Asker: 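Take this structure first; my questions come after.
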Amino acid sequence: MASESPKKNWSINDFEIGKPLGKGKFGRVYLARESKSKYIVALKVIFKEQIEKYRLQHQLKREMAIQTSLRHPHVLRLYGWFHDAERIFLILEYAHGGELYGELRRAGYLSEQQAATLNREIEVDFGYIASLTHALAYCHEKHVIHRDIKPENLLLDHEGRLKIADFGWSVQSTNKRHTMCGTLDYLAPEMVENKAHDYAVDNWTLGVLCYEFLYGVPPFEADSQADTFRRIMKVDLTFPSTPHVSTEAKDLILQLLVKDSAKRLPLDKILKHPWIIMNADPNGSFPE
Ligand SMILES: COCCOc1ccc2cc1OCC(=O)N(C)CCCNCc1c[nH]c3ncnc(c13)N2
């Protein structure tokens, strides 16, 4: 849409607003249609008062500049934005399948194929960990660390392909970062300690998500944030004795949930890990 047409000064009058798609920390997301082209989009409405209250103007500007510049099949497109007196509107690619979170909660946990590389139902290779790894490798190449990957920021398109949304906490990494952000469950030890951190925080989060896809709960879940904090700092990781999780899956998780960020399995090695290979399409089509 916006990528075809010349840059336009959009306004809310250019869109017909549809059903709400969900509510995030700073705004709601709506289904919407651009009136002339009938192009379906998601419109995220953020109240300026909220952004000003938490002094997040610069962060939001950085997030929008980052997400506009990213072009990857597993990164949700930000086509453009506009604002009025009270609100900022983000014009986004619409993910018809909604949040991966919903699918995980409905299923309880995912099969190893779906989590790793392949979803047999649609015979299309876009398993979540492989897709996420490709998307993160692309972001890291562009010096972007996401830092806030969690199931509610992972969306599914109409074919069930994963799309990462909400780069709200992402940063252009020039040097080690010192900003505290996000919920604790998915944060690496160096993040929860608010220490210097770099790209490897996203590798840690991949390990957390891999565990949660397979067991249905994040690895360091606890009754209080303080206890989650303690479990992350100790890397207090246990694997429930369930038959459906292979030794290879546990090996990959153990190679990602490593306290020393320099020792976490690099993204290119994840795609060559036996668990990814053994779950790849038996017809040999390797993950993208
Ligand atoms: C600063 O903001 C940067 C952009 O953040 C987002 C862009 C698009 C989003 C969600 C984003 O942030 C997270 C958030 O607002 N929620 C968790 C609540 C809504 C969940 N979306 C549900 C949803 C369903 N089909 C969709 N198609 C496209 N985008 C969607 C959704 N959501």
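Remember, it's 1-based here, ligands and their atoms both numbered in the order they're listed. This structure is a prediction, so every number in the text was calculated from the model and none was measured.
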Asker: Determine, considering heavy atoms only, which of Arg28, Lys44, Lys23 sits nearest to atom 11 (C) of ligand 1.
Answerer: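 When every heavy atom of Arg28, Lys44, Lys23 is considered, Lys44 comes closest to atom 11 (C) of ligand 1.
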
Asker: His74 and Tyr138: side chain to side chain donor-acceptor pair (under 3.5 Å), yes or no, with the steps?
Answerer: CA-CA 10 Å; His74 294 304; Tyr138 169 79; over 6 Å; no

Asker: Have a look at ligand 1 and work out which part of His96, if any, has a heavy atom under 4.0 Å from it: side chain, backbone, both or neither.
Answerer: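 The answer is neither.
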
Asker: Quick one: does Glu34's side chain get under 4.5 Å of Ile91's, heavy atoms only?
Answerer: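 Sidechains of Ile91 and Glu34: no contact.
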
Asker: Considering Leu155, Leu21, Asp157 one by one, which has a heavy atom nearer to atom 32 (N) of ligand 1 than any of the others?
Answerer: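 Minimum heavy-atom distance to atom 32 (N) of ligand 1 goes to Leu155.
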
Asker: Give the single entry among Pro151, Gly22, Gly97, Ala95 that approaches atom 25 (N) of ligand 1 most closely by any heavy atom.
Answerer: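 Looking at heavy atoms only, Ala95 sits closest to atom 25 (N) of ligand 1.
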
Asker: Between Ala200 and Ser261, which heavy-atom pair has the shortest distance, and what is it?
Answerer: CB-O, 3.6 Å

Asker: Between Tyr109 and His244 (judged by ring centroids, cut-off 6.0 Å), do the two rings come close enough to count as a pair?
Answerer: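 Yes.
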
Asker: Yes or no: does Glu93 have any heavy atom under 4.0 Å from an atom of ligand 1?
Answerer: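 The answer is yes, since Glu93 has a heavy atom less than 4.0 Å from ligand 1.
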
Asker: Can you check whether Ser11's main-chain N or O pairs, donor with acceptor, with Asp14's side chain at less than 3.5 Å?
Answerer: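 The answer is yes, because a donor-acceptor pair under 3.5 Å joins these two groups.
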
Asker: Looking at Tyr30 and Gly18, what are the two nearest heavy atoms and their distance?
Answerer: CD2-O, 3.9 Å

Asker: Are Glu141 and Arg71 close enough for a salt bridge, meaning some N to O gap below 4.0 Å?
Answerer: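 A salt bridge is absent here (no side-chain N lies under 4.0 Å from a carboxylate O).
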
Asker: Under 3.5 Å, is there a donor-acceptor pair between the side chain of Lys61 and the main chain of Leu56?
Answerer: no

Asker: Which of the atoms in ligand 1, numbered in the order shown and given with their element, are less than 4.0 Å from a heavy-atom of Leu76?
Answerer: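 The list of qualifying atoms is 8 (C), 28 (C), 29 (N).
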
Asker: Looking only at distances, can you tell me whether any N or O atom of Ala42, backbone or side chain, sits closer than 3.5 Å to an N or O atom of ligand 1?
Answerer: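 There is no such contact.
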
Asker: Taking only heavy atoms of Leu92 into account, list the atoms of ligand 1 that are under 4.0 Å away from them.
Answerer: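 Atoms satisfying the 4.0 Å criterion: 7 (C), 8 (C).
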
Asker: Using a strict 4.0 Å cut-off to heavy atoms of Leu60, name the atoms of ligand 1 that fall inside it.
Answerer: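 Close to Leu60: 1 (C).
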
Asker: For atom 24 (C) of ligand 1, which of the options Pro20, Gly27, Gly24, Gly98 provides the nearest non-hydrogen atom?
Answerer: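 Among Pro20, Gly27, Gly24, Gly98, the closest heavy atom to atom 24 (C) of ligand 1 comes from Gly98.
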
Asker: Is the gap between the ring centers of Trp204 and Phe220 under 6.0 Å?
Answerer: yes

Asker: Numbering the atoms of ligand 1 from 1, which are under 4.0 Å from a heavy atom of Val29?
Answerer: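 Answer for ligand 1: 9 (C), 10 (C), 15 (O), 19 (C), 30 (C), 32 (N).
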
Asker: Does ligand 1 have a heavy atom under 4.0 Å from the side chain of Leu78, from its backbone, from both, or from neither?
Answerer: neither

Asker: Kindly confirm or rule out an N or O of Asn153 lying under 3.5 angstrom from an N or O of ligand 1.
Answerer: no

